[in-house]
Amino acid sequence: MRMPISAAIGLIMTGAFFLAAIFAGVIAPYGMGEIVGGVWDPVSDKHWFGTDAIGRDMLTRMIYGGQTTIFVATAATALSFITGSILGFTAAVTGGWADQVLSRLVDLVMAIPSLILALVILSVTPVTLPVLILVIGLLDATRVFRLSRAVAVDITVMDYVEAARLRGEGWAWIIFREILPNALSPLVAELGLRFIFAVLFISTLSFLGLGVQPPLADWGGIVKENSAGLVYGIPAALIPAFAIAALAISVNLVADWVLGRTTSLKGGRG
Amino acid sequence: MLAGLRVHPVFKLVVQRIALGLLLLVAVSAIIFLGVEALPGDTAQAILGQSATPQALANLRAEMGLDQPPLARYVDWLGGIMTGDLGTSLSNKTDIAKAIGQRLGNTLFLAFWAAIISVPLAVLLGLVAARYNGRWPDKIISGVTLSTISLPEFVVGYLVLYFLAVKWQLFPSVAMVFPGMGMMERLNAVILPVIVLVLVVLAHMMRMTRAAILNVMQSAYIETAELKGLSPMQVIWRHAFPNAIAPVVNVVMLNLAYLVVGVVVVEVVFVYPGMGQYLVDHVTKRDLPVVQAVGLIFAAVYIGLNIMADVISILANPRLRHPK
C-alpha cells in the first residue's frame, strides 16, 4: 500500500519539528534570552522572523519554544499512555470491583472539563514543568484508559487469553504478552490524537499564564508575550500560533493515515 | 415505583438520568474541594508568604476555619453554595457571589449568541456536506473543519482579532461591556468573541451532523425514497434528517458544553469581563475559594448540558415512546 501524499507531507513536517526541537541548541542562531535588536523589528536577513516584544530574535525563541512545547507534550503523552493503558488493561483483565472503582473514577474526572480541572489544580500546586506534565498526562490518561479498557474487554474473552489463564500465567503476562500486542494498532492511532491534545493543552495553559513560566517559553507563552503588538498591527504573535497549528495538522495527517490503515487491517471499511 | 400506578418507561429513564447527574455533581464538588485539599500547598502560607511567623499562620488558619477537619469544611462549603453563599475571596475580601453576578450574565450573553448562530449554521452545513458527499463542497467543508479542529481557541481568537479588527478595522478589538449599555452596542462589542466561539464549535458539530446523516443514508428506506424519484435534498430533509435528530442533538449539546472551556480562553483574548477571565485571574492570585466556586459553576453547567443531551436523546428515541 502506497503512502498517500498528505500522510507523507505530515510525516516530513512532524519529523522536521521534532528534529528542530532535538537540535535546538545547534540550529538556533542566537541565545534564547539574548537581546539582539529593537522592539518588534521587522523581518530581515539577520532576523528571519523579526524580533519579539523586548528585542529577542524571534526565530531563536520559536526553536527553543518548540523544544519546550514538544518536550512537555511528548512526556505528557508518554505518561498518559503508560498509566492509561496499564490501568485500562488491568481493569479489563481483573474485572469486578477493581474495574468498577477505576471506571467510575475515570467517569468522574471526565465529567469535569479538563481545562477547568487543570486550572483548579494549578491554583494550589506550584507551576513547574514536572507538575504540568503530570497534570496534562494524568488528565489525558482518562481517555486512554477508556479506549484501552474497551479494546481489552473484547480481547480478554478470546480463547488464547483463556488458555493463558488456564496455564496459570499472572496478570503481567496476560497484559503484556497476550493483550498488548493485539491492542496495539488502535492505541497507536490514538497516540497521535493524544499528542495533539497535549500540544493544544500546554499551549493554552501557557497562553493563560499558567503553563511554562519565564524565562523558559513555549509557543503558547510566546503568543502571550507578543499579543500586545497585534492591536498595533504587529503580527509577531501569529508566528507561534501558526507553528502550533502546523504541528497539530501534520500530526493529524499522519494519525488519520494510521487510523485508516489499522481499520483496514481489522477488516473494516478502508 | 408506586404500586398500581403505571409509570411510563421514558419518564423513569429521564428521572434516573437526572438523579445520576445530581449524584455526579455532588461527587464533582467533592473532588474540587477535597481533592484540592489533598494536594501539597498551604493556603495560609501562600497568603502570608514564606516569612510569616507561626503565630500569624495559626491566627489566619483559625480565622479562615482552616483548623477545622476538611470534611466539616466541605459540608459547610456545600451548604453555603446551596443557599447562594459562595464565600469570600482571599485576595480582596469581597463576596464571591456578588462579584460573579454581573460576570455570569456577561458570559451567558456571549455563549447564548454563539449557540444561536453556530447550531443552525452547523446543521445546515452538515446537511450540505452530506448531500454532496465526496464532491467539492464536502471536501472544502471537511478541509476547513480539519484545520479549525487543529487550532487552539486562542489562536483562532488572535487570527480573527488581527484580521477583522486590526487589518480591516471591521469590528472593535476589545470586547468592552458595561452596565447600562444598549443592546446594539453590546452586540457590536461582543461580535468578535462570538465569531471565535462559533468557529471553535462549528467544525465538530458539522462533522458529526454529516456523519449522523450519512449513517442513516445507508438504510434501505432511503434507497426506496431515492427510487421513487425524490430529489436528494428532499430525501435528506424528509427521510434522513428526522432519524438523525437524536445523534445531532446529542452532538449539539456536547459542543455547547464545550463552549464552557472555549469561553474561558476567548474571554482572556478579548479582555471580556466574564466568568472565564475572573477564574484565570484568581488562579494566578492563588485565590482558592474563588477558583473552587467558579470551577464548580463551570462543571455544573457542563454536567447540566450533558444531562440535557442524554434526556433529549431518550425523548427523541421513538422506540422508547411506546412501551410493550
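To find a chain, count down the sequence lines: A is the first, B the second, and so on, and within it residues start at 1.
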Report yes if the side chains of [X] and [Y] come closer than 4.5 Å at any heavy-atom pair, otherwise no.
X	Y	answer
A:Ile116	B:Val264	yes
A:Ser203	B:Phe154	yes
A:Leu108	B:Val28	yes

Given that the side chain runs from C-beta out, which part of [X] has a heavy atom under 4.5 Å from chain B: side chain, backbone, both or neither?
X	value
A:Leu238	side chain
A:Val251	neither
A:Phe242	side chain
A:Ile121	both
A:Ile249	both

- prompt: Taking it one step at a time, do B:Val283 and A:Leu208 satisfy side-chain contact (heavy atoms from CB on, under 4.5 Å)?
  reply: CA-CA 10 Å; B:Val283 173; A:Leu208 294 176; over 6 Å; no

- prompt: Nearest heavy-atom pair of B:Leu288 and A:Ser123: which atoms, and what distance?
  reply: CD1-OG, 3.5 Å

- prompt: Considering all heavy atoms of both residues, which atom of B:Val291 and which atom of A:Val120 are nearest to each other, and what is their separation?
  reply: CG1-CA, 3.7 Å

- prompt: Within a radius of less than 6.0 Å around CE of B:Met208, do more than 12 heavy atoms belonging to other residues, nucleotides or ligands occur?
  reply: no

- request: Please indicate whether A:Phe71 has more than 12 foreign heavy atoms, meaning atoms of other residues, nucleotides or ligands, lying under 6.0 Å from its CZ.
  value: no

query: Using the ring of each side chain (for Trp, its six-membered ring), is A:Phe207 parallel, tilted or perpendicular to B:Tyr158, with breaks at 30° and 60°?
result: perpendicular

query: Listed by residue number, which members of residues 299-309 of chain B have a heavy atom under 4.5 Å from any heavy atom of chain A?
result: B:Ala299, B:Tyr302, B:Ile303

query: Given the options A:Leu253, A:Val223, A:Ile196, which has more heavy-atom pairs under 4.5 Å with chain B than any of the others?
result: A:Val223

message: Is B:Leu24 in contact with chain A via its backbone, its side chain, both, or neither, using a 4.5 Å heavy-atom distance?
response: both

message: Quick check on B:Leu279 against chain A: is it the side chain, the backbone, both or neither that has a heavy atom closer than 4.5 Å?
response: side chain

